Amino acid sequence: MKGAFIAHDVAEYASAHTTPPDDLLASLAEETRRQTGDRSGMQIIPEQGVLLTMLVQLAGARRAVEVGTFTGYSSICVARGLPEDGRLLACDVSEEWTSIARRYWDKAGLTGKIELRLGPAADTLRALPEEELFDFAFIDADKPAYPVYYEEILRRLAPGGLITVDNTLQSGRIADPSAEGNVPAMRAFNDLVAADSRVTTVLLPFADGLTLIRKN
Ligand SMILES: C[S@@+](CC[C@H](N)C(=O)[O-])C[C@H]1O[C@@H](n2cnc3c(N)ncnc32)[C@H](O)[C@@H]1O
């Protein structure tokens with residue numbers, strides 16, 4: 001369960017004191033539950049959506065990239081934080097899941113702001129020009145590939161730009177050296193970022209662990 005390392009009543013309290021999702025996001029979350037069943041747990045939690053919009057706004061970002069779009073919740077939150085002429089490049093492999101995202105981008109009036117690239121995100125990112133393309137990123141896809149996404153985005157990120165990375169505490173299992181599944185990959189990624197002198201970073205015990213990384 002996301003945020004399992006935070007006491008349930010405290011998590012509920014924090015949620016009750018955070019701006020709630022609007023009707024469009026609530027309806028997207030509901031449709032995602034109906035259409036994807038257990039997979040709907042991959043969606044970010046509403047509080048994280050509020051934080052993403054706020055971070056994009058605080059960073060004054062205009063060009064954003066997302067790795068892992070699913071049915072579109074986080075992409076809508078990122079795109080809403082961008083100015084009118086802002087653009088979000090959304091990367092995913094699933095035509096099926098992103099077809100839901102596309103419908104909601106349309107309903108949200110964000111279709112012109114978001115470009116979807118279908119295919120392995122490592123290929124999509126590597127194919128981009130090696131220049132300052134982004135000032136905000138959200139990484140939320142297949143965990144073993146996080147170091148690749150991080151490196152490819154960092155080299156295209158403007159100084160002062162922000163990368164946000166989801167699931168970095170793995171439901172609190174991150175501190176258990178014997179934990180399996182995605183935990184070893186995530187531990188290696190967290191070590192890599194913490195030791196990287198090109199960035200300043202903070203790993204927030206929020207949601208499933210959200211790491212903020214600012215390019216120096
Ligand atoms: C945790 S979900 C993303 C949730 C999304 N951020 C949200 O708020 O709803 C992970 C997504 O990564 C996508 N994915 C998995 N492997 C991928 C890859 N190699 N390249 C691009 N996307 C990938 C999956 O199709 C899935 O939609």
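In each ligand, atom 1 is the first atom listed, and ligand 1 is the first ligand listed. Just so it is clear, the model here is predicted, and its values are computed rather than measured.
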Item to complete: State the atoms of ligand 1, each with its element, that fall below the 4.0 Å cut-off from a heavy-atom position in Y149.
Response: 18 (C), 19 (N), 20 (N)
Worksheet item: R126: what forms a side-chain hydrogen bond (donor to acceptor under 3.5 Å, both in side chains) with it, not counting sequence neighbours?
Response: none
Discussion item. Students should be able to answer this: which protein heavy-atom is nearest to atom 10 (C) of ligand 1, and at what distance?
Written reply: D140 O, 3.2 Å
Worksheet item: Going through the distances and angles, do R117 and E115 end up as a salt bridge (charged side-chain N to carboxylate O under 4.0 Å, His left out)?
Response: CA-CA 7 Å; R117 296 255 178 108; E115 180 193 346; 2.7 Å; yes
Practice prompt. Give the residue, atom name and distance (to 0.1 Å) of the protein heavy atom nearest atom 27 (O) of ligand 1.
Written response: D92 OD2, 2.7 Å
Residues 9-17, side-chain donor-acceptor partners within the protein, below 3.5 Å, at least two apart:
unit_1	atom_1	unit_2	atom_2	d
S15	OG	E47	OE2	3.4
H17	ND1	Y13	O	2.7

Fill in: Nearest non-hydrogen partners of F189 and P147, listed with the distance
CD1-N, 3.9 Å
Worksheet item: Do any N/O atoms on T71 end up under 3.5 angstrom from N/O atoms on ligand 1?
Response: no
Discussion item. Yes or no: does P120 have any heavy atom under 4.0 Å from an atom of ligand 1?
Written reply: yes
Practice prompt. Decide whether an N or O pair under 3.5 Å exists between V67 and ligand 1.
Written response: no
Worksheet item: Should F70 be counted as touching ligand 1, given the test is an N or O pair under 3.5 Å?
Response: yes
Discussion item. If the cut-off is 4.0 Å to any non-hydrogen atom of T69, which atoms of ligand 1 fall inside it?
Written reply: 5 (C), 7 (C), 9 (O)
Discussion item. Going by salt bridge (charged side-chain N to carboxylate O under 4.0 Å, His left out), D135 matches just one of R62, R156, R214, R63. Which one?
Written reply: R63
Item to complete: Say whether S74, considering both its backbone and side-chain N or O atoms, lies within less than 3.5 Å of an N or O atom on ligand 1.
Response: yes
Worksheet item: Say you draw a straight line from CZ of R103 to OG1 of T98; how long is it, rounded to the nearest 0.5 Å?
Response: 11.5 Å
Discussion item. Can you check which of A122, A121, A141, C77 brings a heavy atom nearest to atom 21 (C) of ligand 1?
Written reply: A121
Fill in: Side chains of D140 and Y149, donor plus acceptor under 3.5 Å
no
Discussion item. Regarding E151 and R198, does a basic nitrogen lie under 4.0 Å from an acidic carboxylate oxygen?
Written reply: yes
Item to complete: Just need the protein heavy atom nearest to atom 17 (C) of ligand 1, so name the residue and atom and give the distance.
Response: D142 OD1, 3.4 Å
Practice prompt. With atom 14 (N) of ligand 1 as the reference point, say which of L118, V93, T98 has the nearest heavy atom.
Written response: V93
